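Order of appearance sets the numbers: ligands from 1, and atoms from 1 within every ligand. For clarity, every value in this text was computed on a predicted model and none was experimentally measured.
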Amino acid sequence: MQDEFERMRWLREEIEAANKQYYLLDQPTMTDADYDALMRELLSLEAIHPDWVTPDSPTIRVGGEVAKEYSKVRHLEPLLSLDNAFSAEDLREFDRRVRQVTSSVDYVVELKIDGLTVALTYENGLLAVGATRGDGEVGEDITANVKTVKSIPLRLKDEVPGLSVRGEGYMPKASFARLNQEREEEGLSTFANPRNAAAGSLRQLNSKITAQRKLDYFAYQVLGANELGLHNQREVLAFLKEQGFVVNPEYKIFQTIEEVIAYCEKMSSERHGFSYDIDGLVIKVNDFAVQQELGFTAKSPRSAIAYKFPAEQVETVVEDILIRVGRTGVLTPTAVLRPVLVAGSTVSRATLHNLDNIRQKDIRIGDHVLLQKAGDVIPEVVRMLPEKRTGEERIFVMPEYCPECQSPVRQDEGEVAYRCQSITCPARQREGIIHFVSRDAMAIDGLGPAVIQQLLDANLISDAADLYSLTFEELIPLERMGKKSAENLLKAIQESKTRGLGPLLFALGIRHTGEKAGKVLAQRFGSMEQLMHASLEELQEIPDIGPTMAENLVYFFSLESTKLFIEKLSRAGVDMTAEKASKPQIFAGKSIVVTGSLERWDRREIEKVIEDHGGKAASSVSKKTAFVIAGEKAGSKLTKAQELGVQVLSEDQFEVLLKQQD
Ligand code: IVH
């Protein structure tokens, strides 16, 4: 028995050493067959002695755990994203902003790996949780899958009490090619690109499948690095490597933005030379003290920027131009293209946005054009190729009557858009309902555009509120609607009643009011009733609600049709309330600037407190600034506040202010 215990220990060590040689040092020390033999032996010993399986056993990487669904995990700190730079000028602008707070700067430039963010949490040196980004605040727990990725250490070198690491999970190009080939042979659908394949694989419910997908991981960030005695990004990368992570070796350090730009240009032409996809470079201020001074916007740190490589362009032909009528009645011309492969997927349609764009680019039916994907996602016609013209091309004309309802089409004054004037246009109604049920709105699963069209055609609904009175008997006769899907659909419709005010406001499709604004309004007013009675001034006071949005809201709620529609939803039992912000909104409408280094607050924390109390944490001081909170070594912002006569509070004074109110 003891022998077997020892043998298991030896096997674990051999396998981990081989993993390390392979994944960290890129120097394989054993053949795949030898490796597999050791793994099999360890697996069979573990089957005999389940009590001796250690939490960091390499056999965990084989997978096996099958989940029904993923549970959610709240990230310790929200996962932010980065601002993008598309040109040398954007990078110079970034540099100018950085140099407002420091005279000399080191930039760490890393490859931007085209995968998905994976957050890892270690407890006492052992991998405890792996999570996707999710909405940045709450992600999905994919621990079992993450454990199958061999370049993610199950145990750190040191027993760090708690460690949160962020990095990119990705699928190497070779694994991707092999996977798609296998899937094709099995008659399965293929993945569009390695990023989708990596995301799909990490979100598998059966971790055994993830294990077969050959994923990898590059670590690049440590939360609370300061507390670990790390002072800059370079030290973070060294620390991560030391603890057993794979850090992308291609990073470089530069002192000037011109060197960074030259490197970006060089990498742009060498981007395809790696064994994994990259979609740009990430430029980070090295020093954490400077990072801290630069602070954050709502979505991203000001101390880093993502340089996106220019999009790949391919040639194709505009075979036709069709019209799509949207939710607000806008007629959008859409190019029907000869199918072509660009940046990883086949494209046969591209929006041409509006008539002005078509005229400006002089795009005609039959033209040869250059196509690219904007941000590597949305297909876009860049320009036509005049040298390929034959004279046979046809000029596109905007129809005078809506192709869906034959009502007159008119161009709104001062706008580029042409609109169908009928509010009862079936296309507008259909698109409105499609939006109403969409994921960030009422999220009704199983109610795609085709089913919505069927419901409209059968006169079962005329607006989204009618969905709530659909019955099983009404659904069953519809084509391709089985018993099970009818039941599921009715259940999903019922469930959607409880989404709450935020998603509902977005679902209503009020012009300019997006998902985020819906949330903000819901938090602020707590109920539809309250919001409907809000004045223009009240709305304008809210940070994040611009003047146009405020005007549109007031107009929208003044319409008789809106009142009737909301009444109908309310009668159907749709929840029209939200949890109001729990903190007193003492800073509502106030712009507050934090500068210098604070003793008791992390910069993000204090900014969150300001926002939770209804204020806006702004980055620059102006006459409109309500007050400035200044810590040690406050620089130019403090001087500016003093010059402008803006009130300055110390950390203590700010805390007193808060305590009085909470
Ligand atoms: S740093 C605050 N470094 O690019 C965000 N991101 O928006 C810190 N990415 O979602 C991100 N390679 O998933 C960073 N070397 C790298 C990266 C990287 C890829 C991804 C990451 C993030 C997105 C940037």
Side-chain angles (χ1 to χ4, degrees), residues 75-86 90-91 94 98 107-120 130-137 139-140 142 146 149 151-152 164-172 193-196 198-199 202-203 215-225 230 232-241 245-254 260 263-264 267 271 274-286 288 290-292 294-309 375-377 602-604 607-608:
H75 299 300
L76 285 175
E77 274 179 30
L79 275 91
L80 301 178
S81 60
L82 295 176
D83 224 11
N84 290 325
F86 296 100
D90 289 350
L91 288 171
F94 165 72
V98 169
Y107 288 119
V108 177
V109 183
E110 297 169 16
L111 298 185
K112 185 168 182 316
I113 314 298
D114 198 6
L116 64 152
T117 315
V118 175
L120 304 172
T132 62
R133 178 176 193 280
D135 64 1
E137 286 177 17
E140 282 174 328
I142 51 163
V146 158
V149 178
S151 40
I152 293 180
S164 285
V165 171
R166 284 168 187 180
E168 200 79 354
Y170 68 96
M171 184 176 282
N193 52 48
R195 177 171 18 94
N196 287 0
L202 276 171
R203 297 187 70 258
L215 297 165
D216 262 323
Y217 186 78
F218 284 126
Y220 52 66
Q221 196 185 355
V222 170
L223 287 198
L230 303 166
N232 57 50
Q233 176 64 6
R234 193 181 191 163
E235 286 175 14
V236 163
L237 296 176
F239 168 82
L240 285 167
K241 201 163 168 200
F245 291 95
V246 183
V247 167
N248 189 287
E250 301 293 335
Y251 71 89
K252 294 263 185 298
I253 301 191
F254 299 108
V260 171
Y263 184 63
C264 286
M267 295 317 277
R271 64 181 288 192
F274 297 96
S275 59
Y276 40 83
D277 271 354
I278 57 173
D279 59 342
L281 296 161
V282 181
I283 296 105
K284 306 178 181 178
V285 168
N286 186 36
F288 288 162
V290 181
Q291 284 192 11
Q292 172 101 8
L294 283 160
F296 300 83
T297 67
K299 284 198 322 239
S300 48
R302 288 198 195 87
S303 52
I305 197 161
Y307 172 78
K308 294 292 218 63
F309 292 137
D376 265 358
V377 187
D602 180 51
R603 182 62 61 94
R604 295 288 317 285
E607 290 184 351
K608 182 153 187 318

Quick check on R133 - does any of its heavy atoms sit under 4.0 Å from an atom of ligand 1?
no
Please confirm whether P301 comes under 4.0 Å of ligand 1, counting heavy atoms of the residue only.
yes
What pair of heavy atoms forms the shortest contact from C264 to F309, and how long is it?
O-CE2, 4.1 Å
heavy-atom search around atom 13 (O) of ligand 1 in the protein gives E168 OE1, 2.5 Å
Using the ring-ring contact (aromatic ring centres under 6.0 Å, His included) rule, pick out the option among Y307, Y251, Y107, F254 that qualifies with Y263.
F254
Among all protein heavy atoms, pick out the one at the shortest distance from atom 7 (O) of ligand 1; state its residue, atom name and that distance to 0.1 Å.
L82 N, 3.0 Å
What residue and heavy atom of the protein are closest to atom 8 (C) of ligand 1, and at what distance?
Q221 OE1, 3.9 Å
Report the nearest protein non-hydrogen atom to atom 22 (C) of ligand 1: residue, atom name, distance rounded to 0.1 Å.
T117 OG1, 4.0 Å
Students should be able to answer this: which protein heavy-atom is nearest to atom 3 (N) of ligand 1, and at what distance?
K284 NZ, 3.0 Å
With a cut-off of 6.0 Å (strictly less than), are more than 12 heavy atoms of other residues, nucleotides or ligands near CZ of R234?
no
Side chain, backbone, both or neither: which part of V282 has a heavy atom under 4.0 Å from ligand 1?
side chain
Please check this pair: side chain of R302 against backbone of L294, looking for a donor-acceptor N/O pair closer than 3.5 Å.
yes
Minimum non-hydrogen distance to atom 16 (C) of ligand 1, winning option of F218, Y220, Y170
Y220
In terms of residue, atom name and distance, what is the protein heavy atom nearest to atom 12 (N) of ligand 1?
I113 N, 3.1 Å
Pairing donors with acceptors under 3.5 angstrom, does anything connect the side chains of D216 and S151?
yes
For residues Y276 and F218, establish whether the separation of their ring centroids is below 6.0 Å.
yes
Short version for E110: what comes under 4.0 Å of ligand 1, heavy atoms counted, is side chain
Could you check atom 5 (C) of ligand 1 against the protein and tell me its nearest heavy-atom contact, residue, atom and distance included?
L80 O, 3.5 Å
Distance to 0.1 Å, residue and atom name: give those for the protein heavy atom nearest to atom 23 (C) of ligand 1.
K112 NZ, 3.9 Å
For the side chain of E168 and the backbone of K112, is there at least one donor-acceptor N/O pair under 3.5 Å apart?
no
Do E110 and Q233 have side-chain N/O donor and acceptor atoms under 3.5 Å apart?
yes
Please confirm whether the backbone N or O of G115 pairs with a side-chain atom of R195, one donor and one acceptor, at under 3.5 Å?
no
If you measure from each heavy atom of D114 to ligand 1, is any distance below 4.0 Å?
no
